[in-house]
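Counting starts at 1 for both ligands and their atoms, in listed order. Excluded from the calculations below are hydrogen atoms, water molecules and symmetry mates; all remaining heavy atoms, backbone and side chain alike, are included.
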Amino acid sequence: MALRSAQTIQSINPANKQGIGDMPIMSGEQVEEAVALSAKAFESWQLTNYAERAQKLLDFRKVIQKRGDEIASLITQEVGKPIVESYLAELNGPLDSCVYLAENAEKILKDQSIQFTNPLMSSKQGIITFEPLGVIGVIAPWNFPFSIPTMAILSAVMTGNTVVLKPSEKSSLIGLKIGELFEEAGFPKGVVTVVTGDASTGEALTKCRLAKIIFTGSVEGGIKVMTQAAPNLIPVCLELGGKDAAIVLPDAPPDFTARGLVWGAFTNAGQACASFERIYIVKGKNTDKLLERIHHYTQILRMGQPEDQSTEIGPVVDESQLLKIVAQVEQAKSMGAHVICGGKRRDDLGGYFFEPTVLTGVNHTMDVMMKETFGPVMPIMLVDSEDDAVALANDSQYGLTASVWTPDLTRAEAVARDLNVGTVFFNDGLFSHANPQAPWGGLKQSGFGRSHSHFGLIDLVNIKHICKDSPAGSSRFWWYPYGPTRAKTVQGGIKYLHGATLGTRISGLIDFLGGLLKKAD
Ligand code: NAD
């Protein structure tokens with residue numbers, strides 16, 4: 001459900017710059033109201049069992065299946081994603097998550113027992129239970145406006161939490177749609193609440209009484225969110241930007257590799273955190289052929305209106321994004337980079353279009369190799385060795401994903417183990433965000449914490465240790481009163497457990513047992 005507000009923000013279709021709807025900018029008070037509603041819903045939602053929640057997720061899956069065309073079409077209109085990608089990259093992940101979580105969350109989060117190995121604790125029995133945290137704030141970006149927040153919400157509600165979602169101001173209609181779909185699936189009021197608005201609404205959310213914040217967005221946004229959450233010590237999971245490297249080894253098949261690199265660099269017009277933003281080709285006999293194939297597959301990409309099923313490159317999201325891309329390409333050119341194809345904005349197409357662009361002659365003094373571009377730009381560096389490629393790939397403030405291109409999977413694994421990132425793909429890229437079984441997250445300025453997989457679920461619960469013992473259990477020799485007898489008992493216990501020789505251990509045991517039998521000092 002969505003709450004109402006007086007101020008509004010307009011959502012623009014980036015393919016034609018037409019307004020497609022006005023959204024309320026929620027005030028701090030309204031955000032607090034939403035969090036209070038969510039906290040109220042948490043009181044009963046946390047008491048539901050896994051089977052009930054699993055059923056709700058499966059009902060939600062049916063709603064997505066039923067309304068898939070409408071959801072995909074709205075995504076394409078609001079952020080300009082080619083329609084094929086709105087199905088492929090936005091619906092798949094949430095649909096799979098419903099099934100994965102319904103089938104696995106209870107197994108993953110079932111109680112565990114602890115084996116105490118210290119014999120002095122033999123009467124104690126530990127169990128670990130995993131309990132919901134409370135209200136989770138999900139703050140989302142616009143580039144995967146449906147799949148990113150929806151997958152986060154599904155994990156949160158399946159673990160018994162409730163959610164307040166703040167979608168990006170550039171994709172608020174989709175955010176509101178997400179709330180509507182959860183409502184239609186029969187989730188009780190307040191389990192999923194949507195607050196629309198800009199950074200000020202997000203900021204208000206981070207200052208509320210949340211149990212956790214899952215933030216996906218820019219490094220700058222992540223730093224702000226963490227700072228804002230710090231006074232209340234609200235834990236944050238940060239999924240931030242990337243500058244992902246593709247390392248191409250000399251034996252990589254040119255045609256296949258070129259197709260993969262072109263897709264990885266240009267899908268979603270390069271506006272993916274895991275887009276291939278730096279290509280390191282280790283020079284070899286195939287290099288010229290590979291470059292020719294990259295040029296070929298880039299030239300034939302169809303750029304145009306994103307709702308056309310044949311469109312492969314849509315617009316970027318807005319003018320500010322376009323200007324950032326232009327600035328990086330122009331800087332690279334002024335510093336000696338060569339434009340192999342593309343390189344220009346295409347205002348003639350009516351929206352925020354930029355041609356898919358391949359650059360060579362780039363290096364690490366250029367922004368296009370060091371800062372996130374988030375546009376359809378593929379900068380390529382030719383390097384002499386695998387070691388050089390790895391060193392350059394690791395020479396980055398980011399550490400989200402990387403890819404290695406070679407038929408030699410043993411060699412690829414050796415490279416993968418040297419890369420400082422959260423995910424490494426062989427001969428592919430990006431896709432695993434949509435696989436709920438795989439952990440997702442990065443290192444360095446790409447953030448911390450993990451979403452998806454059992455690690456993502458563990459991040460959403462209180463890991464509670466319950467330590468059982470009866471009054472008749474082992475002697476609490478560590479309790480008061482202290483004194484020489486107690487000191488000897490304790491020293492004996494330590495010698496018995498950790499003494500270097502058998503003799504020390506036996507004498508320790510004698511001291512320990514003797515101490516236990518003696519009256520306290
Ligand atoms: P952004 O940081 O501008 O905004 C993200 C969200 O944060 C929006 O909802 C925005 O309104 C909100 N926000 C902004 N300032 C805030 C503040 N001070 N307090 C609270 N909320 C605030 O990012 P964006 O432009 O929407 O998204 C693009 C970025 O997201 C890119 O850097 C991309 O790499 C990254 N991203 C990362 C992942 C990942 O999984 N690591 C996935 C998708 C996108």
Verdict with reasoning, Lys177 to Glu70, per salt bridge (Lys or Arg N to Asp or Glu O under 4.0 Å): CA-CA 10 Å; Lys177 179 68 67 189; Glu70 171 199 338; 2.6 Å; yes
Would you indicate which of Glu372, Lys207, His433, His452 comes nearest to atom 31 (C) of ligand 1 when only heavy atoms are counted?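 Comparing heavy atoms across Glu372, Lys207, His433, His452, the nearest one to atom 31 (C) of ligand 1 lies in Glu372.
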Would you call the rings of [X] and [Y] parallel, tilted or perpendicular, taking 30° and 60° as the class edges?
X      : Y      : answer
Phe276 : Trp405 : perpendicular
His433 : Trp440 : perpendicular
Phe60  : Phe182 : parallel

Ligand-side contact atoms (ligand 1) for residue partner [X], heavy atom cut-off under 4.0 Å:
X      : result
Asn143 : 43 (C), 44 (C)
Val225 : 19 (N), 20 (C)
Gly202 : 19 (N), 20 (C), 21 (N)
Trp440 : 39 (C), 40 (O)
Pro141 : 26 (O), 27 (O), 43 (C), 44 (C)
Gln228 : 17 (C), 18 (N), 19 (N), 20 (C)
Lys166 : 8 (C), 9 (O), 10 (C), 11 (O)
Lys224 : 18 (N)

Within-shell test, [X] vs ligand 1, heavy atom, strictly < 4.0 Å:
X      : result
Pro167 : yes
Ala140 : yes
Trp142 : yes

Below a 4.0 angstrom heavy-atom separation, can you tell me which part of [X], side chain or backbone, both or neither, approaches ligand 1?
X      : value
Val219 : neither
Glu239 : both
Leu205 : neither
Phe374 : side chain

So which protein heavy atom does [atom] come closest to, and at what separation?
atom                    : result
atom 7 (O) of ligand 1  : Phe215 CE1, 3.1 Å
atom 35 (C) of ligand 1 : Gly217 O, 3.2 Å
atom 39 (C) of ligand 1 : Cys273 SG, 3.3 Å
atom 1 (P) of ligand 1  : Ser218 OG, 3.6 Å
atom 10 (C) of ligand 1 : Glu169 OE1, 3.4 Å
atom 12 (C) of ligand 1 : Ile139 CG2, 3.7 Å
atom 41 (N) of ligand 1 : Leu240 O, 2.7 Å
atom 13 (N) of ligand 1 : Ala199 CA, 4.1 Å

Heavy-atom side-chain contact between Leu101 and Pro436 under 4.5 Å: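 The answer is no; the side chains never approach within 4.5 Å.
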Mind checking whether Pro141 and Ile148 have side chains closer than 4.5 Å, heavy atoms only?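 They are in side-chain contact.
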Short question: side chain of [X], backbone of [Y] - any donor-acceptor pair under 3.5 Å?
X      : Y      : answer
Ser97  : Gly93  : yes
Lys56  : Met158 : no
Gln445 : Gln397 : no

Please determine, by modelled atom types, if Ser38 and Thr162 share a side-chain donor-acceptor pair under 3.5 angstrom.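 Yes.
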Ser86-Thr76 side chain donor-acceptor pair, cut-off 3.5 Å: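 Per modelled atom types, Ser86 and Thr76 side chains form a pair under 3.5 Å.
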If you apply the rule side-chain hydrogen bond (donor to acceptor under 3.5 Å, both in side chains), what do you find for Tyr87 with Asn92, and how did you get there? CA-CA 7 Å; Tyr87 283 100; Asn92 255 340; over 6 Å; no
Electrostatic pair Arg417:Glu413 at N-O distance under 4.0 angstrom: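 Yes, charged N to carboxylate O under 4.0 Å.
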After noting the C-alpha distance and the side-chain angles of Leu210 and Val135, does the key distance pass the side chain to side chain contact (heavy atoms under 4.5 Å, CB included) rule? CA-CA 5 Å; Leu210 300 173; Val135 180; 3.7 Å; yes
Please report the C-alpha distance between Lys243 and Thr373 in whole Å, then the side-chain angles of each, then the deciding distance to 0.1 Å, and finally whether the side-chain hydrogen bond (donor to acceptor under 3.5 Å, both in side chains) criterion is met. CA-CA 8 Å; Lys243 188 80 197 164; Thr373 309; 2.9 Å; yes
Heavy atom of protein inside 4.0 Å of atom 4 (O) of ligand 1, strictly below: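 There is no protein heavy atom less than 4.0 Å from atom 4 (O) of ligand 1.
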